[in-house]
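One structure is given below, encoded as structure tokens.
Worth saying up front: this structure is predicted, and the values here are computed from it rather than measured.
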Amino acid sequence: MTRRFLFVLGSSRSDGNTELLARRAAEQLPENVEQQWIDLAAHPLPDFEDLRHDSDHVRPTRGNVALLLDATLAATDVVIVSPLYWYSVSAHVKRYLDYWSGWLRTPGVDFKATMAGRTLWGVTALAHEEQEVADPLVGTLSNSAAYLRMRFGGVLLGNGSKPGDVLGDAEALARAKTFFAQDAPLARFPYETD
């Protein structure tokens with residue numbers, strides 16, 4: 001399968017630090033790797049309604065839910081591009097991940113089996129010197145990948161508050177050059193052992 005990256009932009013503003021860092025990392029991908037960028041602020045999802053125990057699940061055929069489902073299923077690599085908001089992913093991204101729960105039960109999709117073996121990545125910018133404050137965001141993505149038996153490439157962290165600040169983070173920009181080149185291991189829950 002040809003590699004196809006889906007970049008899911010979860011910021012409330014365009015061209016923010018997180019997006020700038022993600023674009024720097026994406027510039028390093030080979031030319032034959034397809035890229036699709038979807039801005040969740042420009043393609044908002046309605047509030048997620050949990051229908052797990054209902055029987056009327058249908059595959060969406062139009063609108064932003066259908067766009068994101070189709071793009072997610074087509075991707076070999078899903079990159080969550082979310083600023084660190086209150087120590088976790090943004091509300092836009094959380095809503096997108098909530099939809100994964102519904103897609104698990106969508107007829108004809110077989111979401112869990114389809115996503116197994118694919119790779120989940122994260123990119124975030126934070127306005128904090130100690131990167132450990134991003135651990136809840138990293139855990140959200142890592143555990144989501146583990147549940148679906150995806151690979152997890154980790155999270156590219158950058159520092160920045162005001163627009164453009166991340167471009168002054170030399171360490172983050174250096175990591176961006178090789179971030180997507182690394183081998184992503186199979187994600188595991190913290191309680192799992194080898």
Side-chain angles (χ1 to χ4, degrees), residues 1-12 18 22 33-124 134-155 180 184-194:
M1 182 178 218
T2 303
R3 284 187 86 185
R4 180 182 174 94
F5 276 69
L6 170 63
F7 291 85
V8 180
L9 303 176
S11 180
S12 296
T18 304
V33 172
E34 294 179 50
Q35 296 181 33
Q36 182 177 11
W37 295 74
I38 299 179
D39 183 346
L40 294 175
H43 298 89
L45 293 168
D47 285 338
F48 176 71
E49 184 179 356
D50 186 356
L51 300 173
R52 266 183 297 182
H53 304 291
D54 295 346
S55 60
D56 59 348
H57 296 277
V58 294
R59 182 182 178 129
T61 57
R62 62 179 196 256
N64 292 333
V65 177
L67 170 73
L68 281 155
L69 172 58
D70 291 342
T72 303
L73 292 172
T76 59
D77 297 76
V78 177
V79 185
I80 301 297
V81 183
S82 174
L84 187 71
Y85 287 164
W86 285 104
Y87 310 103
S88 191
V89 295
S90 70
H92 293 305
V93 167
K94 178 63 171 73
R95 183 173 287 141
Y96 166 68
L97 293 176
D98 285 347
Y99 269 87
W100 286 18
S101 296
W103 296 340
L104 287 168
R105 290 158 186 81
T106 301
V109 171
D110 206 2
F111 190 74
K112 191 169 187 177
T114 300
M115 298 307 289
R118 299 191 182 185
T119 306
L120 184 65
W121 308 84
V123 180
T124 193
D135 287 352
L137 179 145
V138 175
T140 293
L141 298 182
S142 176
N143 289 337
S144 297
Y147 180 77
L148 293 176
R149 292 293 173 219
M150 297 176 74
R151 298 185 172 282
F152 183 56
V155 177
F180 293 126
L186 188 64
R188 295 186 179 276
F189 287 109
Y191 57 81
E192 293 180 312
T193 59
D194 291 327

Counting N and O atoms only, with roles assigned by atom type, does the side chain of Arg3 sit under 3.5 Å from a partner on the main chain of Val33, one being a donor and the other an acceptor?
no
Under 3.5 Å donor-acceptor, Thr114 side chain and Val109 backbone:
yes
Stepwise side-chain contact (heavy atoms from CB on, under 4.5 Å) test for Ile80 and Val155:
CA-CA 9 Å; Ile80 301 297; Val155 177; over 6 Å; no
For Phe180, what residues pass the ring pair (Phe, Tyr, Trp, His ring centres under 6.0 Å) criterion, not counting sequence neighbours?
Phe5, Phe7, Trp121
For Phe189, which residues count as a ring pair (Phe, Tyr, Trp, His ring centres under 6.0 Å) partner, sequence neighbours excluded?
Tyr191
State, to 0.1 Å, how close [X] and [Y] come at their nearest heavy-atom pair, and which atoms those are.
| X | Y | value |
| --- | --- | --- |
| Gly153 | Thr119 | N-CG2, 4.0 Å |
| Ser82 | Thr124 | O-OG1, 2.6 Å |
| Leu186 | Met150 | CD1-O, 3.5 Å |
| Ile38 | Ala71 | CD1-CB, 3.7 Å |
| Thr140 | Ser88 | OG1-OG, 3.8 Å |
| Pro60 | Ala66 | O-CB, 3.6 Å |

Is [Y] close to [X] at the side-chain level, that is, under 4.5 Å between some pair of heavy atoms?
| X | Y | result |
| --- | --- | --- |
| Ser11 | Thr18 | no |
| Leu97 | Leu141 | yes |
| Leu104 | Leu148 | yes |
| Tyr85 | Leu137 | no |
| Asn143 | Pro190 | yes |
| Tyr87 | Asp135 | no |

Applying side-chain contact (heavy atoms from CB on, under 4.5 Å), name anything that partners Pro46, two or more places apart in sequence or on another chain.
Val65, Tyr99
Could I get the full list of side-chain contact (heavy atoms from CB on, under 4.5 Å) partners for His92, not counting sequence neighbours?
Ser12, Leu40, Ala41, Ser90
With sequence neighbours excluded, what pairs up with Asp70 under the salt bridge (charged side-chain N to carboxylate O under 4.0 Å, His left out) test?
Arg59
Is Tyr147 atom OH crowded by more than 12 heavy atoms from other residues, nucleotides or ligands, each under 6.0 Å away?
no
CG of Asp98 to CG of Leu45, rounded to nearest 0.5 Å, is 10.0 Å
Rounded to the nearest 0.5 Å, what separates atom CE in Met115 from atom CG in Leu73?
7.0 Å
With side chain to side chain donor-acceptor pair (under 3.5 Å) as the test, pick out the partner of Thr72 among Trp103, Trp100, Tyr96.
Tyr96
Per the salt bridge (charged side-chain N to carboxylate O under 4.0 Å, His left out) rule, what does the pair list look like for residues 109-119, sequence neighbours excluded?
none
